[in-house]
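The figures here come from the full heavy-atom set of this structure, side chains too, leaving out hydrogens, waters and symmetry mates. Computed from a prediction, not measured in an experiment: that's the story for all the values here.
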Amino acid sequence: KMTFNKTLCDLADEYFEQAQVLEGIIAKHRKRLASLPNPETSREAYGIKSLLNVLYAEHRDVMETANFLKDNYSGEENQ
């Protein structure tokens, strides 16, 4: 039978997985931004940078939640 802490640890793992997915998406958009001919001025670059800001904020939130769950409910000391 699942314990409350075990369930929250599993949830933390899901958050860490989501963070990895976001990292992949961020990397893809950063690569696209770097490949633009004029990333300082173009409208497309501005759009990508705006999207990256949203993705970075989401990644930060996901990691904070994952770490909170792990730190408070893991039942064992983190390595």
Side-chain angles (χ1 to χ4, degrees):
K1 169 172 166 311
M2 276 228 169
T3 65
F4 181 67
N5 282 8
K6 173 85 173 87
T7 305
L8 287 173
C9 276
D10 291 342
L11 185 60
D13 289 338
E14 286 177 30
Y15 274 97
F16 282 123
E17 284 172 25
Q18 178 62 25
Q20 285 186 310
V21 170
L22 285 166
E23 285 161 23
I25 295 168
I26 287 168
K28 191 179 73 177
H29 288 296
R30 284 175 60 100
K31 192 173 173 185
R32 209 171 113 223
L33 183 63
S35 74
L36 292 178
N38 51 350
E40 293 80 27
T41 56
S42 76
R43 176 168 288 180
E44 185 182 2
Y46 180 79
I48 295 171
K49 288 175 185 173
S50 299
L51 177 60
L52 281 169
N53 282 333
V54 172
L55 291 169
Y56 284 131
E58 189 177 340
H59 182 267
R60 192 169 56 243
D61 290 347
V62 166
M63 286 301 291
E64 280 178 10
T65 302
N67 284 313
F68 175 83
L69 290 169
K70 268 285 194 266
D71 292 346
N72 290 285
Y73 302 107
S74 65
E76 71 236 2
E77 294 309 309
N78 291 343
Q79 276 69 38

Quick one: pull up [atom1] in [X] and [atom2] in [Y] and give me the separation to the nearest 0.5 Å.
X     : Y     : atom1 : atom2 : value
Lys49 : Asn53 : NZ    : CG    : 10.0 Å
Leu69 : Thr65 : CG    : OG1   : 6.5 Å
Leu55 : Ile48 : CG    : CD1   : 11.5 Å
Lys31 : Ile26 : NZ    : CD1   : 16.0 Å
Tyr15 : Asp61 : OH    : CG    : 10.0 Å
Asn5  : Leu11 : CG    : CG    : 12.0 Å

- prompt: Who else is in Phe16's hydrophobic cluster (ILVMFWY, side-chain heavy atoms under 4.5 Å, direct or via others)?
  reply: Met63
task: Enumerate the residue pairs fulfilling side chain to side chain donor-acceptor pair (under 3.5 Å) with a member in residues 17-29, sequence neighbours excluded, ordered by first and then second residue.
output: Glu23-His59, His29-Arg32
- request: Might you confirm whether atom OH of Tyr56 has over 12 heavy atoms from other residues, nucleotides or ligands at distances under 6.0 Å?
  value: yes
- prompt: Mind checking whether Val62 and Val21 sit in one hydrophobic cluster, side chains of I, L, V, M, F, W, Y counted as touching below 4.5 Å?
  reply: yes
- prompt: Any link between Tyr46 and Leu36 through a network of hydrophobic side chains (Ile, Leu, Val, Met, Phe, Trp, Tyr) touching at under 4.5 Å?
  reply: no
- prompt: Looking just at side-chain N and O atoms, do Thr7 and Asp10 make a donor-acceptor pair shorter than 3.5 Å?
  reply: no
message: Are the side chains of Lys70 and Leu8 in contact, using a 4.5 Å heavy-atom criterion?
response: no
- prompt: Which atoms form the tightest heavy-atom contact between Tyr73 and Cys9, and what is the distance?
  reply: O-SG, 3.6 Å
